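For reference, the structure discussed in these notes is given below.
Computed from a predicted structure; not experimentally measured. Numbers restart at 1 for each chain; the letters A, B, ... are given by sequence-line order, proteins then strands.
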Amino acid sequence: MKRTETADDAGKVMSMKEAVAAFVHDGATVSLEGFTHLVPTAAGHEIIRQGRKDLTVVRMTADIVVDQMLAAGCVSRLVSSFVGNSSAGSLGELRRRIERADPAPLAFEEYSHYGMVCRYLAGSQRLPFYPLRSYGGSDLPSVNSDLRKVVSPYPGPGGEQEQIYVVPPVNPDVTIIHAQRADRRGNTQIWGLTGIQAEAVYAAEKAIVVVEEVVADEVVRSDPNRTVVPSHAVDAVVVCPRGAHPSFAQGYYDRDNAFYRAWSHISKDPERLRAWLAEWVYGTADHAEYVDKLGEDFWAGLAVGEALSEPVNYGRRL
Amino acid sequence: MKRTETADDAGKVMSMKEAVAAFVHDGATVSLEGFTHLVPTAAGHEIIRQGRKDLTVVRMTADIVVDQMLAAGCVSRLVSSFVGNSSAGSLGELRRRIERADPAPLAFEEYSHYGMVCRYLAGSQRLPFYPLRSYGGSDLPSVNSDLRKVVSPYPGPGGEQEQIYVVPPVNPDVTIIHAQRADRRGNTQIWGLTGIQAEAVYAAEKAIVVVEEVVADEVVRSDPNRTVVPSHAVDAVVVCPRGAHPSFAQGYYDRDNAFYRAWSHISKDPERLRAWLAEWVYGTADHAEYVDKLGEDFWAGLAVGEALSEPVNYGRRL
Amino acid sequence: MTTATAPETVTSSELLSVVASRELAARRTVFAGIGLPTLATELAHLTVAPDIEVVYESGVCGAHPSHLPETIADAVLISGAEAVLSMPALFGCVLQGGHIDVGFLGAAQIDRWGNLNTSVIGDWESPAVRLPGSGGAVEVMANSHEVFVVMRRHNPRSFTGTLDFCTTPGPDRALAEGIRPLGAGVTRVITELGILARVGVGSELKLIAVHPGVTVNQVRDATGWELKVSDEVGTVPPPTAAELRLLREDVDPGRVYLR
Amino acid sequence: MTTATAPETVTSSELLSVVASRELAARRTVFAGIGLPTLATELAHLTVAPDIEVVYESGVCGAHPSHLPETIADAVLISGAEAVLSMPALFGCVLQGGHIDVGFLGAAQIDRWGNLNTSVIGDWESPAVRLPGSGGAVEVMANSHEVFVVMRRHNPRSFTGTLDFCTTPGPDRALAEGIRPLGAGVTRVITELGILARVGVGSELKLIAVHPGVTVNQVRDATGWELKVSDEVGTVPPPTAAELRLLREDVDPGRVYLR
């Protein structure tokens, strides 16, 4: 597989530092997507290092990286449909913020997963709302006034008038996703779980794609169906190997389940959490240092073997 | 690449004759999708051979196969967004039916492409309607009362009330698509243009997938992201090589552009059209005979060379 | 028939998995999380439901994992799977489209109608405990043909007369708001004490069976509302040796979930 | 500068392609069909719009075709492309999402506001001629930032005071119905006689330039409404030798579209 060794021919390829400085501003609405797979952790860490404030974070599964951004004081509002540390336990800082406003309150907009999916669908498709068959009878609309209803202009199955809940679009100032690879222009390829990443990018004003590697144009072009986000929707390409840790990148490295379990303990104690941030985020200049600090033995434990897709023939005219 | 040589271990694998007999009934609503690529022509021909009547055909680009089904008297209603012979000319039978009710009238529901896409989206997602930013100021709603409007429950960009057009779901009795390959359970893989096929299948009560080849489970499972339609949505798998002619199958054979051009002339003359049907559809027992009749020299002219996708690593746990 | 194993040798996880697996007889598509639902569906696949397919919230259909997955998004679920779907396809076409026979859900609180709370203990605005929230539970309940709930602990705080917050409403609450749900809502609740059942709209959860050695009054006391009891409460047949052997030797030999 | 080529050696296709290509200066994303728009965008790529990307209705982005495509879905557009999108992504995210700078459309009839008819000649219910209909034209007009129309024939039947049917409305008609469109609608109409322009909502098509040898009155006579004419009607500079060489030698050496 050909890979580009340098990025000097590529206007969109920049460092994480440059991308966050250019596209993530105080007070912005920032979407970070990746459903367990390809969580853009390294981007969250750089946002912490640059000391962003008053962010509205939009993320379906608000997990470790969100807890860390909360603890670093970057976030004043959270829009989410699952606020937990996967199945490994709690998010300590998030619970303190919501349960006790400690050390500061957190505005929280609660959705279900499909409610969030539909907000991205509406945002990416420039729709004023998106209908879904959820929320009938739920208490969620009583705490989230953006869950509203529309009457269908068509009769229901029994001829009766039918009403359905709708959600409004979300249009982040910037969406950040992590992906396995892109070309220098930002044509982004993801395999394994692809989640809501494409819609989150299309819904946003700007988009940063963080990748395990930038590959030659020919690699991407050998399989155009693999391109989940085309270049016209991407503003910055950041090369950041292992940037999804403790999450995983299918075919590159496995999930660090031990760290997920550890986070429940780390985050339970505010002092310990802050010490962790001091050591692992503020104490590293960038994600490359974080990766080095973990050490090659550590990464060997997350290494994966080979299971290659069988090629398909796109054909060429004879 | 491993291929299954026999189909006797597979309950869903059946002949085209069996599949059409089992799932396409007189009076049914039948969706045939494939946007220029992978047009399910062979299925249309078998519907003609079996003499189905009073079908409602739903197809975004009503092209040659629809003109043939019209000429064979199978279709009383058409739902479409483009009724033309690609860019190669007219559909003679369709024009006679609509312009002069010759030999019989044709009920026609006219949409735009995205209107059709949204009908499939609503149908596949079990939504009462789907909103889209089309039709404002168009005469289409005056001739299609299913194009209706909804008022958004959220204020527009300037705080004003916002209204938007919606389309109703389409839920065909059966959807038929053509694909490059599937496994014996119906996990269907398509590359190149994927169009609206997945949504058309999910919108339908029953689904027939016609494939160039049935492949071993391991082939499909080596690349699960390539599966456009999972087995739980498929009722019949029909192996029918070259079943998309005169359309094409990316990586298998090219488009027969000469036949598209010829069709404008054939279909212009009702006698010539009926002679064509007699020879090529009624005169062949099945698509294998049609393929043989065209001859190997002919197929050599549509052969394509190799352009393989580079494999990706899905990884395996060590 | 194999002989019954003495209950004292059976762990709570084994008991719940075996009982849940039997309820999956002849089911085709199951929407399940990781843990007890995984054990139940894998065992059902080997016993009463050979054609069962688990659909995971992450988008995986037809997984063939090399190892027991640790999350619903585990890499081993993806490699070798039959299909991996995007979130819009998974939630829109598969779930809302009505393709799921049985959805598995858990909850911090459940009420007599099978409504669920996974959001907060206490008041939503300033809760005593902030729980993870819905995830996809609202959608699983609204769109599956029926829902099974497996709850390790059966006590009045979890089986409550009044939910602190209704995250995930059953069809009765939806209908009261004039919204017609697809399925029956919760039809089975499987706990350490026995099995509660509910047939659909308008019906309350009713005790239909207890585990050996459990009395009806024990279940009543452990339930925070006046529990309806079937006229013919049965005894849940204990796991057979065959079921336990499959579970221990084939499904989870590393005892990942059978903790 | 290269010298101008004598007009009589330039075919109508060459003329229209060259003129259209110039209008694409600095544009990035173009939604185009096959034929003249292909020639125009490919030539623009080599001249005034090096970063131009054509998005095809079939879902292809960033095509690198080995041969000139014969349809918008030609296999040669797919092999080697940067991305191939599904229809919902193409129409929903790319087009309705507002990512298209310029959409190219054709029509059987156009009126002074840039509204288009591609459905019928005559009455819709029993038309004299049934045309193909919208395809994606309704969406291209509603969602592109601006629309270019290239019409080979400029005559009063095509440039009509009253459309037989409005398939594809411009923004003025949408606003009259209370629906706010994204873009300006038709901003350029390029014909064998000259160039009409329109700046956006509330503005009529106006003649801004004629080809060498064409008079303003000729264009007026060929237009089925009382055509507005710019105070300073220019003459379209004829294709340069460089433009023609690129078009003939690099873009379409087989003269597939340059018929």
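- How far CZ of B:Arg255 is from CZ of A:Arg317: 10.0 Å, rounded to the nearest 0.5 Å.
- How far CZ of B:Arg316 is from CG of A:Leu308: 10.0 Å, rounded to the nearest 0.5 Å.
- Among the residues in residues 136-143 of chain A, none has a non-hydrogen atom closer than 4.5 angstrom to a non-hydrogen atom of chain B.
- With a 4.5 Å cut-off on non-hydrogen atoms, B:Pro224 does not touch chain A at all.
- Contact count versus chain B (heavy atoms, under 4.5 Å) is highest, among A:Val151, A:Leu132, A:Ile164, for A:Ile164.
- Between chain B and the residues A:Tyr314, A:Tyr154, A:Tyr130, the largest count of heavy-atom pairs under 4.5 Å involves A:Tyr154.
- Looking at A:Val150, the atoms closer than 4.5 Å to chain B (heavy atoms on both sides) all sit in the side chain, from C-beta outward.
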Problem set entry | side chain to side chain contact (heavy atoms under 4.5 Å, CB included) between A:Gln189 and B:Val312, intermediate numbers included | CA-CA 10 Å; A:Gln189 301 197 323; B:Val312 298; 5.7 Å; no
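- Heavy atoms closer than 4.5 Å to chain A are found nowhere in B:Tyr253, neither backbone nor side chain.
- Among the candidates B:Asn225, B:Val219, B:Asn313, B:Asp223, the single residue satisfying the side-chain contact (heavy atoms from CB on, under 4.5 Å) test with A:Ser309 is B:Asp223.
- Interface residue A:Pro131: backbone and side-chain heavy atoms are both found under 4.5 Å from chain B.
- Looking at A:Leu127, both its backbone and its side chain come within 4.5 Å of chain B, counting heavy atoms on both sides.
- Listed options B:Gly156, B:Ala249, B:Pro157, B:Pro168 were ranked by heavy-atom pairs under 4.5 angstrom with chain A; first place goes to B:Pro168.
- Heavy atoms of B:Tyr114 lying under 4.5 Å from chain A belong exclusively to its side chain.
- Residues A:Pro128 and B:Arg133 come closest through the heavy atom pair CD-NH2, 3.3 Å.
- Your options are A:Gln125, A:Arg226, A:Gln250, and the one with the most heavy-atom pairs under 4.5 Å with chain B is A:Arg226.
- Listed in order of number, the residues of residues 294-305 of chain B that approach chain A to under 4.5 Å between heavy atoms are B:Ala303, B:Val304, B:Gly305.
- Annotation for B:Pro155 and A:Arg148: closest pair CD-NH1, 4.2 Å, computed over non-hydrogen atoms.
- Residue B:Arg126 touches chain A through both its backbone and its side chain, counting heavy-atom pairs closer than 4.5 Å.
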